[in-house]
Amino acid sequence: RHAGTAGAAAGGLQVADACAVTPALRAWIECLVDARVDQGCQAIFEGDFASLVTHIRRESQNASAAASAAVNTAQQHVEQTRHKLETQVQSLADSQARLLGVVEALSSDAERQHNSEIRARSDAFGAVERVMGTVDELQRTVEQDGDVVRGKLRQLE
């Protein structure tokens, strides 16, 4: 439960449960408990129960301090992992922002190029229309001049 709580505090980061008991750890603990029970029985038989209680309290305090140190170490590890993850996420966000800037610049360049091509086509089409209009006007002028010249030639004949 403790690691799950730490995981929730670390933004959902799943961390191995520091309180999980491995078979080797369980066997070691059972061995220690058996040894303490044997010592306790022997002390009771020998009438040294107060000494046993003092010894057990001291061992309990040592075990509590070791457990507290292990929890602190696990919390530091979780904090370091969270910091690394935040750094990686920030780096990814920065990279995405740069990529978005490049894509927007390319899109803007492509749009400007497209608009420039449309203007060039429109200008070329307008120029062709003007040339055609000029050619039509020249053709009418030539026809009119031809009619005038023919009329004068007829008069001269």
Side-chain angles (χ1 to χ4, degrees), residues 1-43 50-146:
R1 283 200 182 263
H2 297 288
T5 305
L13 179 67
Q14 294 298 317
V15 177
D17 190 356
C19 297
V21 178
T22 64
L25 180 59
R26 181 181 300 276
W28 181 73
I29 291 170
E30 287 174 359
C31 181
L32 288 177
V33 168
D34 288 344
R36 295 295 183 243
V37 168
D38 288 344
Q39 282 179 350
C41 289
Q42 188 177 10
S51 171
L52 176 64
V53 168
T54 303
H55 181 71
I56 289 174
R57 284 185 182 150
R58 187 174 41 249
E59 290 292 325
S60 174
Q61 289 172 346
N62 291 341
S64 176
S68 178
V71 167
N72 287 339
T73 301
Q75 288 174 338
Q76 289 173 352
H77 178 71
V78 166
E79 183 61 27
Q80 290 171 349
T81 303
R82 183 191 61 77
H83 180 69
K84 285 179 186 177
L85 183 60
E86 285 175 349
T87 301
Q88 289 174 347
V89 167
Q90 185 60 46
S91 175
L92 179 61
D94 293 344
S95 296
Q96 286 178 334
R98 286 191 306 272
L99 179 60
L100 179 61
V102 168
V103 169
E104 287 175 342
L106 288 174
S107 175
S108 177
D109 289 348
E111 186 176 342
R112 278 193 300 269
Q113 180 68 26
H114 179 70
N115 289 340
S116 177
E117 287 174 6
I118 289 174
R119 277 194 305 272
R121 284 181 188 161
S122 177
D123 291 348
F125 184 69
V128 167
E129 284 182 338
R130 286 191 300 276
V131 167
M132 287 176 59
T134 302
V135 167
D136 288 343
E137 187 178 322
L138 286 173
Q139 185 179 9
R140 279 191 301 273
T141 303
V142 167
E143 286 175 359
Q144 289 173 356
D145 288 348

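Everything numeric here is computed off the predicted structure, so don't read it as measured data.
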Once you round to the nearest 0.5 Å, how far does NE2 of His55 lie from OG of Ser60?
11.5 Å
Would a 4.5 Å heavy-atom cut-off, applied to side chains only, mark Arg26 and Glu30 as touching?
yes
When you look at CD of Glu143, are more than 12 heavy atoms from neighbouring residues, nucleotides or ligands closer to it than 6.0 Å?
yes
Arg112 and Ser108: side chain donor to acceptor below 3.5 Å
yes
When you compare the side chains of Arg119 and Ser122, does any donor N or O come within less than 3.5 Å of an acceptor on the partner?
no
Working to the nearest 0.5 angstrom, can you tell me the gap between Thr54 OG1 and Glu59 CD?
12.0 Å
Given 3.5 Å as the limit, does a donor-acceptor pair link the side chain of Thr134 with the main chain of Arg130, or not?
yes
dist Leu100:CG -> Arg98:CZ (nearest 0.5 Å) comes out at 12.0 Å
Separation between CH2 of Trp28 and OG1 of Thr22, rounded to the nearest 0.5 Å:
11.0 Å
Is it true that a side-chain atom of Thr141 and a backbone atom of Glu137 form a donor plus acceptor pair closer than 3.5 Å?
yes
Can you check side-chain contact (heavy atoms from CB on, under 4.5 Å) on Val135 and Val131, steps first, answer last?
CA-CA 6 Å; Val135 167; Val131 167; 4.3 Å; yes
Measuring only between side-chain heavy atoms, which start at C-beta, is Asn72 closer than 4.5 Å to Gln75?
yes
Within a strict 4.5 Å, meaning less than it, do heavy atoms of the Ile29 and Val33 side chains meet?
yes
Pairing donors with acceptors under 3.5 angstrom, does anything connect the side chains of Asp109 and Gln113?
no
Determine whether Arg36 and Gln39 make a side-chain contact, defined as any pair of heavy atoms from C-beta on separated by less than 4.5 Å.
yes
Give a yes or no on whether the backbone of Thr87 and the side-chain of Ser91 come within a donor-acceptor separation of less than 3.5 Å.
no
Drop me the distance from Thr73's OG1 to His77's NE2, to the nearest 0.5 angstrom.
11.0 Å
First locate atom CD of Glu117, then atom CZ of Arg121, and finally report the distance between them rounded to the nearest 0.5 Å.
6.0 Å
